[in-house]
Amino acid sequence: MRIIILELKDIAEIRADFPLLSKKVYNKPLVYFDNGATTQKPQCVLDAIQEVFTSYNGNIHRGIHAMSDMTSEAYENARERVRSFINAARKEEVIFTSGTTGSINSVAFSFGERYVGPGDEIIISNLEHHANIVPWQMMCQRKGASLRIIPVNDDGEILIDEFVKLLSPRTRLVSVTQASNALGTIVPVGEIIRIAHSAGIPVLVDGAQGVQHDVVDVSELDCDFYAFSGHKIYGPTGIGILYGKQKWLEELPPYQGGGDMVEKVTFEKTTYNELPFKFEAGTMNFAGAIGLARALDYVLETGRKDIAAREKMLLDYATGKLAEIRPLKIYGNSKNKISTISFLIDGIHQYDTGTILDKQGIAVRTGTHCAQPVMDRFGIDGTVRISMCFYNTLEEIDTLCTGIEKVIRMFS
Ligand code: PLP
C-alpha cells in the first residue's frame, strides 16, 4: 500500500528530475525501458558535470595551482562518496575505471599475471555478460588456464550444487554477475562467496546490474572485487568503479602504465605509486567521477530501499500483465529478479517487435544482450528485453502491453 501511495505522490516529482523523460519520440511520449543498457541522468548530475568545467577545471594530482587543487579535491571527495556508498573499508580500495568492462579487464590482467598458470581454472556462470567472459578467456589463453561454467536451470537460476562440484585445487578465482542483464536473475552472490572462501578462493562480483537496484555493502558481502558502471546508475558514461580488498590490490601488478601511477621512473626501473593511484594511469575521467558521486548522492536522497520496493512493484505488475498476453513467453523466471523481463512473441522476430514498439515511442532492447551463451542455453537467438527502473510507471507498462497487442495484430 505504501508503495502505491509513493506511486501516486512522488513519481511526477521524480520524473521531473530527469529532463530526457519528458521527450517525445515520433511525436509520442518516450517510454524508456532500456535502463539495463544505460539509465537517464537527473539534472543534478548534469549540473555537477557542467560545474567542473565552468568553475574549477584543472588536471588532478598534478598542478600546484588553485584549479588543479580544487579539481583534485573534488575528485578525491568523489572517491570517498563512492567508498561510503558501497561501504568499502578504505578509500584506497576504490579505483576509478572506465566502467565495468574496464574494471573486469583490469583484474583479469593483473590477477592473471600474478596468480594464474598452466592448468589453472577460473569459474564463471552461464549467465555472464560478455564483459565477464571474454577478459577471462583472453587471460586463460595467455596463461594456459581454462574456464569452468556454472550451469543454470530452466528458470535461469544458478545451480549452486553444480558450482560446488566445479571447485577444485586448480580454481584460482570465481567471477559472477550479481544479476543477469539478459534474464533478470538475481544471483545468490553472498552464498557463492561463502562457499568459495571456505575453499580459499577469491570472488569478483560483476555489479553492473546490481548496484542500482538495492543496497550493496561490499564489506558485508565480503567479495574480493566488485565492479560497476556509472552510466547504469544515473551517472555519466566512461566512468566506473573497481573495488578491491586492499590485500589484493597491494599484491597485484598494475594493469596500465603511465602518468600518476608511478613513484619514481628511470630508464632502468620504475616503482609504482601507492593505492589507489597505482591503478589509475594517465589523466582520469575526473568530471565523470564527480558526476558519478553526484548520481550516487541522488540515489541515496531518493532512498535505496524505496527504489528497490518500487522496482519490485513494477516487476510484479509487468510480469502479471505480460503473462496475460497469450503467445508471449517470458525467459527467466527466477524467484528473485531485478526489474528486467526478457520475452519473445511466438512467431514474431524480436527485431520486428522492437522496431514496431520503437515507432510507438517505446524503447526496448532486442538481441542477445551481450550474453550469447545464455541465449544458447535456452536455444534462442535473442529476446525482447524491458529493463525498468524506479522512474518508470504502471501507465508505461500498460502502454507497452497495448503496443505488444498491436505488434501481434500486425502479424496475425
Ligand atoms: N556486466 C553486466 C551484467 C552488464 O549488464 C554490462 C552492460 O550491460 C556490463 C557488464 C558491461 O558494462 P559496461 O559496458 O558499462 O562496461
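One-based numbering, in listed order, for ligands and for the atoms of each.
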The residue among T100, T38, T237 that forms side-chain hydrogen bond (donor to acceptor under 3.5 Å, both in side chains) with S229 is T100
If you count every heavy atom of other residues, nucleotides or ligands that lies below 6.0 Å from K143 atom NZ, does the total exceed 12?
yes
Regarding Y234 and N35, is there a side-chain donor-to-acceptor distance under 3.5 Å anywhere?
no
Any donor-acceptor pair under 3.5 Å linking the side-chain atoms of Y391 with those of D17?
no
Just to verify, what does R365 make a salt bridge (charged side-chain N to carboxylate O under 4.0 Å, His left out) with, not counting sequence neighbours?
none
Filter the ligand 1-protein atom pairs down to N or O on both sides and distance under 3.5 Å, then list them.
residue  : atom   : partner : partner atom : Å
ligand 1 : 1 (N)  : D206    : OD1          : 3.3
ligand 1 : 1 (N)  : D206    : OD2          : 2.6
ligand 1 : 5 (O)  : Q209    : NE2          : 2.7
ligand 1 : 8 (O)  : H129    : NE2          : 3.4
ligand 1 : 8 (O)  : K232    : NZ           : 2.6
ligand 1 : 15 (O) : S229    : OG           : 2.6
ligand 1 : 15 (O) : H231    : NE2          : 2.7
ligand 1 : 16 (O) : T100    : N            : 3.4
ligand 1 : 16 (O) : T101    : N            : 2.9
ligand 1 : 16 (O) : T101    : OG1          : 2.6

Does a side-chain N-to-carboxylate-O contact under 4.0 Å join D222 and R194?
no
